[in-house]
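Every heavy atom of this structure was used, including side-chain atoms; hydrogens, water molecules and symmetry mates were not. All values reported here derive from a predicted model rather than from experimental measurement.
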Amino acid sequence: MNPVNREQIHKDLYSFFPYLEKELKRVGVTRHILWGDYKAKHPEGVMYSQFCEHYNKWNRKSEGYTPAIHKAGEKLFIDYAGKKLHIIDKETGEIKPVEVFVATLGASQYTYVEASFSQQIPDFISSVQNCLHYLEAFLPVLFMMI
């Protein structure tokens with residue numbers, strides 16, 4: 001690839017990133033999907049790994065990136081995922097929507113995921129309790145990872 005083509009490829013790539021940043025905020029949109037859009041418009045463009053690497057560099061510059069540093073066991077981030085999943089009742093065949101509870105330890109990024117029928121207080125408390133019991137069983141392993 002000659003230098004002129006490389007410059008144009010990088011120019012096209014970096015001009016795509018504001019659109020990428022905006023679209024990533026939508027539910028169900030991933031970098032991989034958007035890379036496919038980019039490649040459709042620019043078939044000679046970079047492959048996925050380079051796409052992600054350049055986007056990470058661009059994103060750090062645009063936000064004044066500072067990595068978050070967490071002490072082991074200090075923080076557990078919890079939330080529900082944005083999109084509901086569905087389960088099938090074995091006995092009735094009924095399709096039921098479920099919420100996806102996600103909890104991630106800050107330092108290790110160790111993650112716990114559980115489906116529940118609602119985000120109401122009883123289901124939320126049950127999910128948090130289940131998560132803490134699960135993590136308690138793995139504490140020795142978790143501290144070895146950090």
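Residues passing the side-chain contact (heavy atoms from CB on, under 4.5 Å) test with L132 are L76, V128, sequence neighbours excluded. For D37, the side chain to side chain donor-acceptor pair (under 3.5 Å) test picks out no residue, with sequence neighbours left out. In terms of the ring pair (Phe, Tyr, Trp, His ring centres under 6.0 Å) criterion, residue partners of H32 (sequence neighbours excluded) are, by chain and number, W35, Y48. Partners of Y14 under the side chain to side chain donor-acceptor pair (under 3.5 Å) rule, at least two apart in sequence or in another chain, are H54. By the side chain to side chain donor-acceptor pair (under 3.5 Å) test, E23 is found to be paired with R26, residues two or more places apart in sequence or in another chain being considered. Listed by chain and residue number, D12, Y38 satisfy the side-chain contact (heavy atoms from CB on, under 4.5 Å) test with H42 (two or more places apart in sequence, or in another chain).
The salt bridge (Lys or Arg N to Asp or Glu O under 4.0 Å) pairs that include a residue from residues 77-90 are K84-E99, D89-K96, where partners are two or more places apart or lie in different chains. Applying the side chain to side chain donor-acceptor pair (under 3.5 Å) test to pairs two or more places apart or on separate chains, those with a residue in residues 121-130 are E114-S127, E114-N130, S118-D123.
Atom CD1 of residue I125 and atom OG of residue S116 lie 12.0 Å apart, to the nearest 0.5 angstrom. We find the CG-CD1 distance between L20 and I33 to be 11.5 Å, quoted to the nearest 0.5 Å.
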Test side chain to side chain contact (heavy atoms under 4.5 Å, CB included) applied to F16 and Y55, step by step: CA-CA 9 Å; F16 187 79; Y55 176 69; over 6 Å; no
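Between M47 and K39, some side-chain heavy-atom pair lies under the 4.5 Å cut-off.
Other members of the cluster containing V102 are L85, I87, V98, V100, V113, F117, with ILVMFWY side chains joined at under 4.5 Å, either directly or via other members. Residues I88 make up the rest of the hydrophobic cluster containing I95, defined by ILVMFWY side-chain heavy atoms closer than 4.5 Å, directly or through other members.
Ionic pairing of K11 and E7 is not present here: no N-O contact between side-chain nitrogen and carboxylate oxygen is shorter than 4.0 angstrom.
Aromatic ring orientation, F124 versus Y80: tilted (interplanar angle from 30° to 60°).
Remark: K41 qualifies as a cation-pi partner of Y19 under the 6.0 Å distance and 45° angle criteria applied to the six-membered ring.
Both L24 and V46 are members of a single hydrophobic cluster when ILVMFWY side chains are connected at heavy-atom separations under 4.5 Å.
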